Amino acid sequence: MDAIVETPEMPAVFDGMKLAAVAAVLYIIVRSLNLKNPTAPPDLLYQDTALTRYLIKSCPLLTKEYIPPLIWGKSGHIQTALYGKMGRVSSPNPYGLRKYLTMPDGATATFDLFEPLAEHCTGENVTMVICPGIANHSEKQYIRTFVDYAQKNGYRCAVLNHLGALTNIELTSPRMFTYGCTWEFGAMVNYIKKAFPQTQLIVVGFSLGGNIVCKYLGETASNQERVLCCVSVCQGYSASHAQDTFLQWDQLRRFYNFLMADNMKKIILSHRQILFGDSSKTNRVLEDTDLSRLYTATSLMQIDDVIMRKFHGYETLKEYYEAESCIRYLHNIHVPLILVNSVDDPLVHDSLLTIPKTLAEKKENVMVVLPLHGGHLGFFEGAVLFPEPLTWMDKLIVQYSNAICQWERNKSQCSDVVQAAESDHK
C-alpha cells in the first residue's frame with residue numbers, strides 16, 4: 001500500500017495574511033480607479049437669463065448624468081492617458097483641403113477645411129473655426145472624430161495646424177506656435193470670413209487652443225464680428241497661476257509636465273536647422289546657448305523661458321505668461337461663451353477653476369460646465385470596459401452650438417417658448 005503523504009496545514013495566520021493582501025490590492029484598485037465615486041450631472045454656473053434658460057432646456061447633456069465607462073472611466077488619469085495615447089476609438093478620416101497662408105514675418109500658417117456633409121438644422125451657413133491643443137493639428141484622432149461629427153450635423157470646419165506641429169510641413173521663418181499667439185488663428189478666421197461672406201462662426205478651442213481662441217476674441221471687438229458663440233474645453237486660463245501647480249507631484253502633474261516638455265523638445269529639435277541654423281540671419285532670435293539649455297530642460301516652463309518667449313521678444317517668463325494668458329481678455333468677450341472643465345483633470349489644478357467661476361458670476365454671457373469626470377480631453381462614454389467612438393465632449397459642443405444657432409435665428413420665438421414652459425411649471 002502506497003504511503004499517504006499528508007500536506008501540513010498552514011497556520012490560520014497565513015490565510016489571514018493572504019486575505020489581507022487581497023483586500024489591500026482591491027482597496028488600491030478601488031481607490032485608484034475611483035470606483036466608489038458617484039456619477040452626476042455636471043455642475044453649472046451661470047446667470048439667469050432668457051438665453052441660459054433656453055440653453056438648459058435645449059441641451060439635455062447639461063442636466064443629464066455624464067456616465068463614463070464603469071471600470072476605468074472615473075479615473076482622470078486613465079481618461080487623460082487614453083486621450084494622449086489613443087486619441088479616440090475607431091476614429092474616422094474626414095476629407096479636407098489644406099490651405100496655406102503666408103504671414104507677415106514669412107511664416108507659413110496652414111489649416112484644413114472640411115465642408116459639411118448634411119444641411120444644418122437651421123438651414124444656415126455655419127462654420128466652426130477650431131484651435132487644437134498644444135502641438136496638435138487636424139490629423140489628431142480627437143480632432144478627426146469631432147470634425148466628422150460636426151460635418152454630419154451640417155457644420156463646415158476649419159482646423160488650425162499649430163505652426164511647427166506637422167512633421168511634413170517645414171517652417172519658413174524662425175518661429176513656432178506659442179502659448180497665446182493668435183496670429184495664425186486670426187489669419188484662418190479672416191480667410192474664412194472672406195471666402196464665405198455669408199457664413200457665421202462658432203469658435204472652438206481645446207486645451208491650449210481654448211486659451212488662444214478666448215484671447216483672440218478678447219483682443220479687439222472686431223474679432224467677435226459674425227461670431228455666434230465660443231466653446232472652450234479643458235484650458236487653464238492663466239499660465240502665471242498654473243506654473244507653480246505644474247511643478248507639484250499632486251495628481252502627477254510634474255510627471256505630465258515632463259512628458260509634454262519632452263514632446264515639445266522633439267518638435268523644436270525637428271526644426272533645429274531653421275530655428276538655430278544660420279546665425280547670420282537678422283531675424284533669428286535663438287542663440288546656440290539656447291539649444292544647449294533646451295537639451296537639459298525637463299519642464300514646459302523651462303522650454304518657455306529658454307525658447308518660446310523669445311519668439312515674441314518677451315524679456316522674462318513672467319512677462320510672457322501674463323501677456324499671453326487669456327485671463328486678461330475674458331471680460332472683453334460679449335458673445336455667448338461656454339467654458340468646460342472636468343473636475344478630475346490632472347493637468348488643471350482646482351485653484352484655476354476659480355477663474356471661470358468668478359467670470360460666470362460677473363458676466364451673463366458666460367456658462368461654466370464642470371463634469372465630475374472626463375480627465376483632460378477624455379470624456380469617454382461606454383457601458384463597462386470599451387469606450388464608444390463618440391465622446392460626451394463631442395456631443396455637448398454640437399448640441400450647444402445647435403441651440404445657439406436656433407436661438408440666434410428665432411430669438412423672439414425662443415424667448416416665448418421658455419416663458420411658456422416656465423408658466424406651465426408654475
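Quick caveat, the model's predicted, so the values are computed rather than measured. Both backbone and side-chain heavy atoms feed into the values below; hydrogens, waters and symmetry mates do not. Residue indices begin at 1 and follow the sequence shown.
A salt bridge links Lys395 and Glu381; the closest N-O separation between the charged side-chain nitrogens and carboxylate oxygens is under 4.0 Å. At a threshold of 4.0 Å, the pair Lys310-Asp290 counts as salt-bridged, since one of the basic side-chain nitrogens sits closer than that to a carboxylate oxygen. Looking at Lys318 and Glu322, a side-chain N of the basic residue comes within less than 4.0 Å of a carboxylate O on the acidic one, giving a salt bridge. Salt-bridge formation is not detected for the pair Glu219/Arg328: no Lys NZ or Arg NE/NH1/NH2 atom is positioned less than 4.0 Å from an Asp or Glu carboxylate oxygen. Of the charged side-chain nitrogens involved, none lies within less than 4.0 Å of a carboxylate oxygen, so that Asp148 and Arg144 do not count as a salt-bridged pair.
Annotation: cation-pi geometry satisfied between Arg156 and Phe196 (NZ/CZ under 6.0 angstrom from ring centroid, within 45° of ring axis). A cation-pi geometry, defined here as NZ or CZ lying under 6.0 Å from the six-membered ring centre and within 45° of its normal, does not hold between Lys99 and Phe111.
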Show your reasoning for whether side chain to side chain contact (heavy atoms under 4.5 Å, CB included) applies to Ser299 and Gln302. CA-CA 5 Å; Ser299 72; Gln302 289 175 315; 3.3 Å; yes
inquiry  = If you apply the rule side chain to side chain contact (heavy atoms under 4.5 Å, CB included), what do you find for Phe255 with Trp249, and how did you get there?
reply    = CA-CA 7 Å; Phe255 177 67; Trp249 282 100; 3.9 Å; yes
Candidate pair Trp72 and His77, rule ring-ring contact (aromatic ring centres under 6.0 Å, His included), full reasoning
CA-CA 9 Å; Trp72 52 266; His77 294 292; over 10 Å; no
Review point. Between Leu317 and Tyr321, does a side chain to side chain contact (heavy atoms under 4.5 Å, CB included) hold up when you go through it step by step?
Key: CA-CA 6 Å; Leu317 185 64; Tyr321 281 164; 3.6 Å; yes
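For the pair Ser342/Phe379, a side-chain contact is recorded, criterion being any heavy-atom separation below 4.5 Å from C-beta on. The closest side-chain heavy-atom distance from Cys234 to Val340 is not below 4.5 Å. In this structure, Lys140 and Leu377 have side chains that are not in contact, with every pair of non-hydrogen atoms separated by 4.5 Å or more.
In this structure, Ser138 OG and Leu113 CG are separated by 11.0 Å, a value rounded to the nearest 0.5 Å. Interatomic distance, CG of Leu163 versus OG1 of Thr172, reported as 7.5 Å (0.5 Å rounding). The distance from the CD1 atom of Ile143 to the NE2 atom of His137 is 10.0 Å, given to the nearest 0.5 Å. Annotation: the span from His162 atom NE2 to Ile169 atom CD1 amounts to 15.0 Å, rounded to 0.5 Å.
Not a single donor-acceptor pair under 3.5 Å links the side chain of Arg88 to the backbone N or O of Tyr83. Put simply, the side chain of Lys152 never gets that close to the backbone of Leu117: no donor and acceptor are under 3.5 Å apart. With hydrogens and angles disregarded, a donor-acceptor distance shorter than 3.5 Å links the side chain of Arg309 to the backbone of Asp305. Although no hydrogens or angles enter the test, the distance criterion places a donor-acceptor pair under 3.5 Å between the side chain of Gln224 and the main chain of His334. Between the side chain of Gln235 and the main chain of Tyr237, a donor-acceptor pair closer than 3.5 Å is present.
No side-chain donor-acceptor contact under 3.5 Å links Asp394 and Tyr142. With no hydrogens or angles considered, no side-chain donor-acceptor pair links Ser292 and Thr289 at under 3.5 Å. Donor-acceptor pairing under 3.5 Å is recorded for the side chains of Thr298 and Arg254. In this structure, a donor-acceptor pair under 3.5 Å is present between the side chains of Thr122 and His120.
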For residues 61-71, run the donor-acceptor check on the side chains, cut-off 3.5 Å, and write out each pair with its distance to 0.1 Å, sequence neighbours left out.
unit_1, atom_1, unit_2, atom_2, d
Thr63, OG1, Pro60, O, 3.4
Glu65, OE2, Thr39, OG1, 2.9
Tyr66, OH, Gln79, NE2, 3.1
Tyr66, OH, Phe380, N, 3.2
Tyr66, OH, Phe380, O, 2.5

Which pairs would a plain distance check flag for residues 198-214, meaning a side-chain donor or acceptor within less than 3.5 Å of a matching protein atom at least two apart in sequence or in another chain?
unit_1, atom_1, unit_2, atom_2, d
Thr199, OG1, Asn125, O, 3.2
Thr199, OG1, Asn125, OD1, 2.8
Thr199, OG1, Thr127, N, 3.4
Thr199, OG1, Thr127, OG1, 2.8
Ser207, OG, His376, NE2, 2.9
Asn211, OD1, Tyr179, OH, 3.4
Asn211, OD1, Cys326, N, 2.7
Asn211, ND2, Tyr179, O, 3.1
Asn211, ND2, Glu324, O, 3.1

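Taking a 6.0 Å sphere around NE2 of His271, one finds it holds more than 12 heavy atoms contributed by other residues, nucleotides or ligands.
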